[in-house]
> 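Let me give you the structure first, and then I'll get to my questions.
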There are 2 protein chains.
Amino acid sequence: MQTMGNASTLFRPIKLRRAFDEISGEIKRLIFKGILKPGDRLPSESELASHFGVGRQTIREALRLLELSGFISMQKGGAGGPLVVDTILNTISNSFLDAFQMGRITIDELTSARLAIEKMVLESLFAHSPDEADIRALRENVSQARKKVDAGVQAYEENTQFHKLLARASGNHLFLILMESIMTVVAHFRSILGVNLELSVRTIAAHEQIIDAVTAGNRKKALAVLEAHLTEIGERFKELDGLLKREHEAG
Amino acid sequence: MQTMGNASTLFRPIKLRRAFDEISGEIKRLIFKGILKPGDRLPSESELASHFGVGRQTIREALRLLELSGFISMQKGGAGGPLVVDTILNTISNSFLDAFQMGRITIDELTSARLAIEKMVLESLFAHSPDEADIRALRENVSQARKKVDAGVQAYEENTQFHKLLARASGNHLFLILMESIMTVVAHFRSILGVNLELSVRTIAAHEQIIDAVTAGNRKKALAVLEAHLTEIGERFKELDGLLKREHEAG
DNA sequence: TCACATTTGTCCGTATGTATC
DNA sequence: AGATACATACGGACAAATGTG
């Protein structure tokens, strides 16, 4: 009989994953299967530890993974414990932001991808006309935004929300996820660079024109306004970014 | 002088973040600033613990976050420790897969979003003609795939890679990220459902036609072949998914 | 080949802050 | 207000893995 030398390398994949990896995977599986749903409460760390036959530290690391992945959120105090949630969209957006901050995405790439995706969303909107409710939400959004800028206040939240509402109206969740991610990066950018109130005014005008074109079924107009608007924003971002970089080098 | 009762609720937001959150954020900041680069080694857990003035458990939870976010990878043993990497794209893809498994994305949504994005990629390819190297990589890819299916073996890897190569050739990193994410979901689907070899043969034929159309500058042809191909894949996925669900209900 | 040092992975006990009842 | 239950965090310990001499 031969030695086990070869066999041991063949059979090796034992203990491939760490305990906390397996436990977090197991809990994820229960969530995928619908046995655990958002709103449900998981047992406390100590109970989970004894249930899985591991120490509390191992459970804690498993919970950290689930928390960052957007499956649970920890609640302190008496009736607390791990609570099942679904904030995966948030998790995706944060990862996109990480990728951007790692320099893997430039402003130009962001602008052109954003333009392409929003065009895609508009096309989808014209392909299957949107709900009344979606249109109302869009109109409500720009009216809120206009109130703010008329009072001399920036309407960052509303203007970001407008594009998410557009994506939502397209009816494809994947578009919504992509738009949320892109707008998270755009918002981060804007918060670093800052934009003046005058650009916000033009932004709202563009948003109004887009809604009007969509409801009027004027596809060409909607696409043209969108393209002009996003291109202007992109140019402005590039300017500000260049300014910031030169300042940084000088100072 | 009044009591501090009100003030204490006003000033409260102290200790908003947990220790491991702050520590992982601090290390992330060093990576963003370029002080830590992929390939660099972080101090061991014990050293980090004494450096930050916290216990080892806290450091471990911070490292878990960084690991799952795609910033570090743990190496066991003598010369081991936390190693700085950049697998954020992988992290994003995994989150998309989570979203899909949570039922937030349907097959139809996946197909139509995929079609829209790949069209976008092709348009971008025709707007600024791709590098010779990219074209060579694409040709190499289909030739490898053809070898496999000629030998009666599935060419999953190559056929998935084809679409990533297309996105890469577009020159926009954001497109590449989106395509990687979508193809991760597609690959997961295919691994559950399975597809027959005959579909793989037609897939490769479609890929070849797309490359030819791109190099010939035939935009309409490329888009038409892509649309037909992705629509067929989508239909097939829907069929198989329906079959699987009925089986599941029956058994 | 064989120890040896280093480092992660894991467990236990304990203490503290905080939220709920 | 007090008791309870929970997450957060610390310190010590041992096993397992891995590179080095």
Side-chain angles (χ1 to χ4, degrees), chain A residues 3-6 8-9 11-27 39-69 71-85 87, chain B residues 3-5 8-27 36 39-69 71-85:
Chain A
T3 71
M4 283 294 287
N6 284 335
S8 75
T9 58
F11 297 156
R12 187 49 61 97
I14 301 291
K15 180 74 183 283
L16 60 168
R17 301 168 73 196
R18 298 166 288 189
F20 60 80
D21 275 323
E22 298 213 36
I23 290 170
S24 90
E26 181 63 18
I27 294 176
D40 289 351
R41 230 162 242 304
L42 264 59
S44 71
E45 292 179 353
S46 319
E47 286 180 271
L48 286 170
S50 60
H51 179 273
F52 282 106
V54 299
R56 285 194 304 285
Q57 165 129 14
T58 302
I59 291 295
R60 279 185 69 77
E61 295 187 34
L63 293 178
R64 285 290 84 70
L65 299 188
L66 292 170
E67 189 181 42
L68 191 66
S69 301
F71 289 102
I72 65 167
S73 106
M74 306 302 289
Q75 316 278 324
K76 289 193 295 194
L83 177 69
V84 179
V85 297
T87 58
Chain B
T3 72
M4 282 294 285
S8 73
T9 59
L10 277 174
F11 296 138
R12 191 43 62 104
I14 300 291
K15 181 75 183 285
L16 60 169
R17 299 171 74 196
R18 298 166 290 188
F20 61 79
D21 274 324
E22 296 214 36
I23 290 170
S24 91
E26 182 62 18
I27 294 176
L36 289 173
D40 290 351
R41 230 162 241 305
L42 265 58
S44 71
E45 294 178 353
S46 316
E47 286 180 89
L48 286 171
S50 60
H51 179 274
F52 281 105
V54 299
R56 220 187 118 205
Q57 166 155 5
T58 303
I59 291 294
R60 278 186 68 78
E61 296 187 37
L63 293 178
R64 284 292 82 69
L65 299 188
L66 292 170
E67 188 181 41
L68 192 68
S69 301
F71 289 101
I72 65 168
S73 107
M74 304 304 290
Q75 320 273 324
K76 286 199 301 193
L83 176 70
V84 179
V85 297

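Since we're looking at a predicted model, the values are computed, not measured.
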> For Glu45(B) and dA17(D), give me the distance from atom CD to atom P, rounded to whole Å.
16 Å
> Is there side-chain contact between Arg60(A) and Met74(A), with at least one heavy-atom pair below 4.5 Å?
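Arg60(A) vs Met74(A): side chains apart.
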> Between Arg64(B) (CZ) and dT8(D) (C1'), how many Å, whole number?
17 Å
> Restricting to ring-ring contact (aromatic ring centres under 6.0 Å, His included), what partner residues turn up for Phe20(A), sequence neighbours left out?
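By the ring-ring contact (aromatic ring centres under 6.0 Å, His included) rule, Phe20(A) matches no residue at all.
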> One thing to verify: whether Glu45(B) and Arg56(B) come together as a salt bridge, which I'm taking to mean a side-chain N less than 4.0 angstrom from a carboxylate O.
yes
> Show the nearest heavy-atom pair for residues Pro82(A) and Ser44(A), with the distance to one decimal.
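Distance-wise, the nearest heavy atoms are CD-CA, 4.4 Å.
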> Please figure out whether Ala79(A) or Gly80(B) has its closest DNA chain C nucleotide nearer the 5' end.
Gly80(B)
> So what does Glu61(B) touch, heavy atoms closer than 4.0 Å: a base, only the sugar-phosphate, or nothing?
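Nothing: the residue Glu61(B), judged by heavy atoms under 4.0 Å, touches no strand.
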> In whole angstrom, give the distance that lies between atom CD1 of Ile23(A) and atom C1' of dC11(C).
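Answer to the nearest Å: 12 Å.
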> Measure the distance from CD on Glu22(B) to C1' on dA9(D) and round it to the nearest whole Å.
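For the pair Glu22(B) CD and dA9(D) C1', the rounded distance is 14 Å.
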> Taking CZ from Arg18(A) and C1' from dT10(C), how many angstroms apart are they, rounded to a whole number?
12 Å
> Arg17(A) CZ to dG9(C) C1': how many Å, rounded?
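Result: 15 Å.
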> Could you tell me the separation between the NZ atom of Lys76(B) and the C1' atom of dT6(C), rounded to a whole number of Å?
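Those two atoms, NZ and C1', are 13 Å apart.
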> Do Glu22(B) and Glu26(B) touch side chain to side chain, with heavy atoms closer than 4.5 Å?
no
> Classify the nucleic acid contact of Arg41(A) as base, sugar-phosphate or nothing, counting any heavy atom under 4.0 Å across all strands shown.
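Contact class for Arg41(A): none.
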> So which atom in Leu66(A) and which in Ser24(A) form the shortest heavy-atom distance, rounded to 0.1 Å?
CD2-O, 3.5 Å
> Just so I know, are the side chains of Glu61(A) and Arg18(A) near enough to count as touching, which here means a heavy-atom distance under 4.5 Å?
no
> Strictly below 4.0 Å, heavy-atom distances to any atom of DNA chain D: list the hits from residues 50-59 of chain A, or just say none.
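Listed by number, there are none.
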> How many Å lie between CZ on Arg60(B) and P on dT7(C), as a whole number?
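Taking atom P of dT7(C) as the reference, CZ of Arg60(B) is at 14 Å.
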